[in-house]
Enquirer: 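Let me give you the structure first, and then I'll get to my questions.
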Amino acid sequence: MDHYKKEIGRVLAPLVMLDEFRVTELLEEPPDPELGDLAFPCFSLAARQKKSPAAIAAELSASLSGKRGIFWEKANAKGPYLNFYFDYPVFARDLLKRIYDEGPEYGKTGVGGGGVIVIDYSSPNICKPFGIGHIRSTVIGHALSLILEAQGYRCLGINHLGDWGTQFGKMIVAFERWGDSEKLHQDPVNYLYHLYVRFHQEADTDASLDEEARHWFRRLEDGEKEAVDFWELFRRLSLENYDKIYDLLGIKFDYYHGESHYNDLLDDAIRLVQEKGVAVESEGALIVDLEEFGLPPAMLRKKDGATLYLTRDLAAAQYRQRTFHFVKALYVVGAEQTLHFQQLVKILELLGFPWARDCIHVPFGLIRFKEGRMSTREGKMILLEEVLQRSIDLARKIIEEKNPDLADKESAAKAVGLGAVRFGDLSNDRIKDVEFDWDKVLDFSGETAAYIQYAHARICSILRRAGTAAPAWSEEAAGSLGQAEERALVKTLAAYPEKIAASAEGYRPSILARYLIDVARDFNRFYHECPVLVDDPELRQARLLLIAAVRRVLKNGLGLLGIAAPEEM
RNA sequence: GCGCCCGUGGUGAAAGGGAUAUCACGCAGGCCUCCGGAGCCUGAAGUCGGGGUUCGAAUCCCUGCGGGCGCACCA
């Protein structure tokens with residue numbers, strides 16, 4: 001749509017004494033197609049011209065009367081708005097040609113200029129099963145990396161595994177006391193998790209366990225072989241389990257740099273904050289006092305000498321800038337860690353790093369049960385693997401009912417089942433908390449991925465019947481779209497590039513997800529009103545080109561959310 | 001106690017300060033001899049309370065209420 005706004009900007013700018021950019025910025029879409037296709041609100045001119053917005057709109061309308069542009073054919077005043085009406089044959093032809101020519105590239109831009117964005121996402125904790133709680137970071141982070149790539153950035157996905165910290169002392173204590181090597185190898189992650197839960201239960205009544213755990217972690221940090229061997233075993237077994245999930249989701253990380261990856265850099269990081277006088281000793285610990293910035297103190301080293309999460313993030317940020325020269329570093333991490341990242345960025349600023357402001361926390365809300373918060377410590381959790389499997393199973397069952405002759409049911413079931421779970425997470429504003437509900441997860445009607453995928457499959461089906469996967473371009477035909485449902489659909493397709501841009505700028509995949517629902521809805525309305533395979537060859541070709549363009553946008557758009565668009569389902 | 005986030009029909013959500021607040025689930029009714037009914041159409045139903053800024057507020061500010069999350073030896 002930006003393309004079409006520019007033309008109006010050029011026409012209007014001299015008339016309203018504003019620059020073209022400002023005019024295009026002010027242009028908006030009227031709430032009702034009867035009111036035109038783009039509107040210029042005259043309110044902001046009223047004070048300067050000392051006239052009512054409606055009078056200004058009327059004057060502009062008068063001076064444009066009888067005139068037209070390339071894409072618009074008339075402009076009318078309606079109250080305080082100056083409304084522009086598109087010349088639909090010209091507009092539709094231009095847009096469809098653009099989509100036809102650009103194909104998979106439609107909607108992409110090069111604004112990123114190849115700049116590197118490192119995205120820290122997914123980041124599960126070793127020794128714990130992959131719970132539903134980790135789906136948000138995983139799918140949001142993955143979608144953002146795809147969306148930002150489409151904006152011309154080079155994205156590096158980093159899985160910041162929770163593979164270091166006091167919890168490994170706990171794991172070692174638990175395994176030493178109660179562990180069984182045979183059981184461990186039968187079902188590693190669940191068994192480790194079982195031990196982890198038991199540790200917390202027993203630690204409630206036996207304080208010496210925590211003390212012992214801290215001691216073991218200290219030995220781990222000192223590199224004692226016995227401790228390191230345990231850690232390596234736990235880490236390897238856990239990673240093997242996570243890889244199954246990532247394979248299923250089609251996610252590949254550029255780096256599995258867990259917290260342990262930065263161990264050798266911690267001394268330097270601590271030395272730097274000390275040399276710069278940023279950190280001070282307090283009660284035996286090393287802290288950064290952030291009181292003047294309205295933040296609580298940040299601890300970098302405990303009194304027993306062990307480091308913390310923040311210490312590792314501090315070292316990691318410097319490592320990432322040094323190694324990748326990022327233009328942005330995104331942390332796709334839960335909103336409950338907002339304070340942590342505020343402290344991290346503030347410390348980086350105090351250290352004088354100009355790139356501190358390029359470190360951006362992309363927070364999201366918590367997944368909760370009806371009864372309250374999920375707690376991995378108490379063993380209250382839902383496995384992501386189970387959610388994905390049940391969703392795929394249900395999709396398979398529905399396909400079995402609705403499309404028993406389908407050749408490849410399994411890949412369609414995966415596309416629909418996995419798509420449902422992903423879309424469910426991506427389609428709402430990420431900052432909001434969500435309540436986990438099996439019925440909602442396992443629902444393929446309404447505003448879901450299946451709705452979009454179904455529209456896509458229908459289009460593919462019509463094109464198969466028409467005997468072509470890719471209808472040939474026809475200049476004359478493309479101009480013959482004028483019915484209300486066709487006009488609405490064309491206009492929605494035109495918005496795709498700016499929706500991607502908005503998604504990227506706000507780090508909000510939900511903008512793109514919502515938009516794809518709109519496209520599918522507009523297509524369904526068109527589908528029920530406008531038969532494609534009609535006798536009139538020109539209209540038929542025009543509609544084939546239109547639905548091919550819809551298919552393109554649905555497929556590209558779903559792709560950016562990490563969701564497959566099967567041709568049949 | 002202090003700080004941050006969220007309050008939109010019965011339920012779940014959308015709305016880059018703009019025209020008559022949009023959609024889904026559920027509910028009531030209708031649509032397959034016609035390109036795939038995982039769909040389409042019609043209907044009932046809503047911005048937490050109170051101030052303020054603005055020509056204009058669901059949106060920005062203040063305040064109250066409700067919910068969530070944080071706040072030195074976890075991550």
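First the proteins, then the strands, lettered A, B, ... as listed; each starts at 1.
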Enquirer: From A/E34 CD over to A/N83 CG, what is the distance, rounded to the nearest 0.5 angstrom?
Expert: 11.5 Å

Enquirer: Kindly say whether, by distance alone, the side chain of A/S282 makes a donor-acceptor pair under 3.5 Å with the base of B/rA72?
Expert: yes

Enquirer: Rounding to the closest angstrom, what is the interatomic distance between B/rC55 and B/rC2 at atom P?
Expert: 36 Å

Enquirer: Atom CG of A/L516 and atom CZ of A/F523: how far apart are they, to the nearest 0.5 Å?
Expert: 14.5 Å

Enquirer: Please list, in numerical order, the residues of residues 403-425 of chain A that have a heavy atom closer than 4.0 Å to any atom of RNA chain B.
Expert: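 Listed by number, they are A/N403, A/V416.
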
Enquirer: Taking the P atom of each, how far is B/rG29 from B/rA44, in whole Å?
Expert: 16 Å

Enquirer: Which whole number of Å gives the distance between the P atom of B/rG1 and that of B/rG64?
Expert: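 One P to the other, the span is 12 Å.
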
Enquirer: What orientation do A/Y331 and A/F341 show, parallel under 30°, tilted 30 to 60°, or perpendicular over 60°?
Expert: tilted

Enquirer: Would you call the rings of A/Y262 and A/H160 parallel, tilted or perpendicular if under 30° counts as parallel and over 60° as perpendicular?
Expert: tilted

Enquirer: Sticking with atom C1', work out how far B/rC4 lies from B/rU42, rounded to a whole angstrom.
Expert: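 My reading of the C1' atoms in B/rC4 and B/rU42 gives 45 Å.
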
Enquirer: Are any protein N/O atoms closer than 3.5 Å to N/O atoms in nucleotides 40-43 of chain B? If there are, list each pair with its distance.
Expert:
{"from": "B/rC40", "atom 1": "OP1", "to": "A/Y451", "atom 2": "OH", "distance (Å)": "2.6"}
{"from": "B/rC40", "atom 1": "O4'", "to": "A/H528", "atom 2": "NE2", "distance (Å)": "3.0"}
{"from": "B/rC41", "atom 1": "OP1", "to": "A/R525", "atom 2": "NE", "distance (Å)": "2.7"}

Enquirer: I want to verify the glycosidic state of B/rC4; is it syn or anti under the 90° rule?
Expert: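 Judged by the O4'-C1' to base torsion, B/rC4 sits in anti, the angle falling more than 90° away from 0.
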
Enquirer: Expressed in angstrom and rounded to an integer, what is the separation of A/E447 atom CD from B/rG12 atom C1'?
Expert: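 Between C1' of B/rG12 and CD of A/E447: 9 Å.
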
Enquirer: Suppose we call two aromatic rings close when their centres sit under 6.0 Å apart. Are A/Y242 and A/F130 close by that rule?
Expert: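 Centroid distance A/Y242-A/F130: below 6.0 Å, so yes.
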
Enquirer: Determine the Euclidean distance between corresponding C1' atoms of B/rG7 and B/rC48; express it in Å to zero decimal places.
Expert: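 Between the two C1' atoms, the distance is 7 Å.
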
Enquirer: Indicate, with a heavy-atom threshold strictly under 4.0 Å, whether A/A39 touches base, sugar-phosphate, or nothing.
Expert: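 It contacts base atoms.
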
Enquirer: Mark yes or no for a side-chain to base donor-acceptor pair under 3.5 Å between A/N428 and B/rA24, with no hydrogen or angle criteria applied.
Expert: no

Enquirer: Side chains of A/E568 and A/S461: donor-acceptor distance under 3.5 Å anywhere?
Expert: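 Note: A/E568 and A/S461 side chains miss the donor-acceptor criterion.
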
Enquirer: Does B/rG66 pair with anything, Watson-Crick or G-U wobble, both distances under 3.5 Å, and if so, with which nucleotide?
Expert: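 Paired with B/rC6.
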
Enquirer: With syn defined as a glycosidic torsion within 90 degrees of 0 and anti otherwise, which applies to B/rA72?
Expert: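 Classified syn.
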
Enquirer: Could you tell me how far apart A/R464 (CZ) and B/rC35 (P) are, to the nearest whole angstrom?
Expert: 14 Å

Enquirer: Once you measure the plane-to-plane angle for A/Y309 and A/H340, does it fall in the parallel (<30°), tilted (30-60°) or perpendicular (>60°) bin?
Expert: parallel

Enquirer: Using heavy atoms to find the nearest nucleotide of RNA chain B for A/P53 and A/T307 separately, return the residue whose nucleotide is more 5′.
Expert: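 Result: A/P53.
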
Enquirer: Return whichever of A/S510 or A/R465 has its heavy-atom-nearest nucleotide of RNA chain B closer to the 5' end.
Expert: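 The answer here is A/S510.
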
Enquirer: Could you pull out all donor-acceptor pairs under 3.5 Å where a side-chain atom in residues 415-433 of chain A meets a protein atom, sequence neighbours excluded?
Expert:
{"from": "A/R422", "atom 1": "NE", "to": "A/G562", "atom 2": "O", "distance (Å)": "3.4"}
{"from": "A/R422", "atom 1": "NH1", "to": "A/L249", "atom 2": "O", "distance (Å)": "3.0"}
{"from": "A/R422", "atom 1": "NH1", "to": "A/G562", "atom 2": "O", "distance (Å)": "3.0"}
{"from": "A/R422", "atom 1": "NH2", "to": "A/H142", "atom 2": "ND1", "distance (Å)": "3.0"}
{"from": "A/R422", "atom 1": "NH2", "to": "A/L249", "atom 2": "O", "distance (Å)": "3.3"}
{"from": "A/D425", "atom 1": "OD1", "to": "A/R136", "atom 2": "NE", "distance (Å)": "3.0"}
{"from": "A/S427", "atom 1": "OG", "to": "A/F423", "atom 2": "O", "distance (Å)": "3.0"}
{"from": "A/N428", "atom 1": "OD1", "to": "A/R514", "atom 2": "NH2", "distance (Å)": "2.7"}
{"from": "A/R430", "atom 1": "NE", "to": "A/Y507", "atom 2": "O", "distance (Å)": "2.8"}
{"from": "A/R430", "atom 1": "NH1", "to": "A/P363", "atom 2": "O", "distance (Å)": "2.7"}
{"from": "A/R430", "atom 1": "NH2", "to": "A/G506", "atom 2": "O", "distance (Å)": "3.2"}
{"from": "A/R430", "atom 1": "NH2", "to": "A/Y507", "atom 2": "O", "distance (Å)": "3.4"}
{"from": "A/D433", "atom 1": "OD1", "to": "A/L366", "atom 2": "N", "distance (Å)": "2.8"}

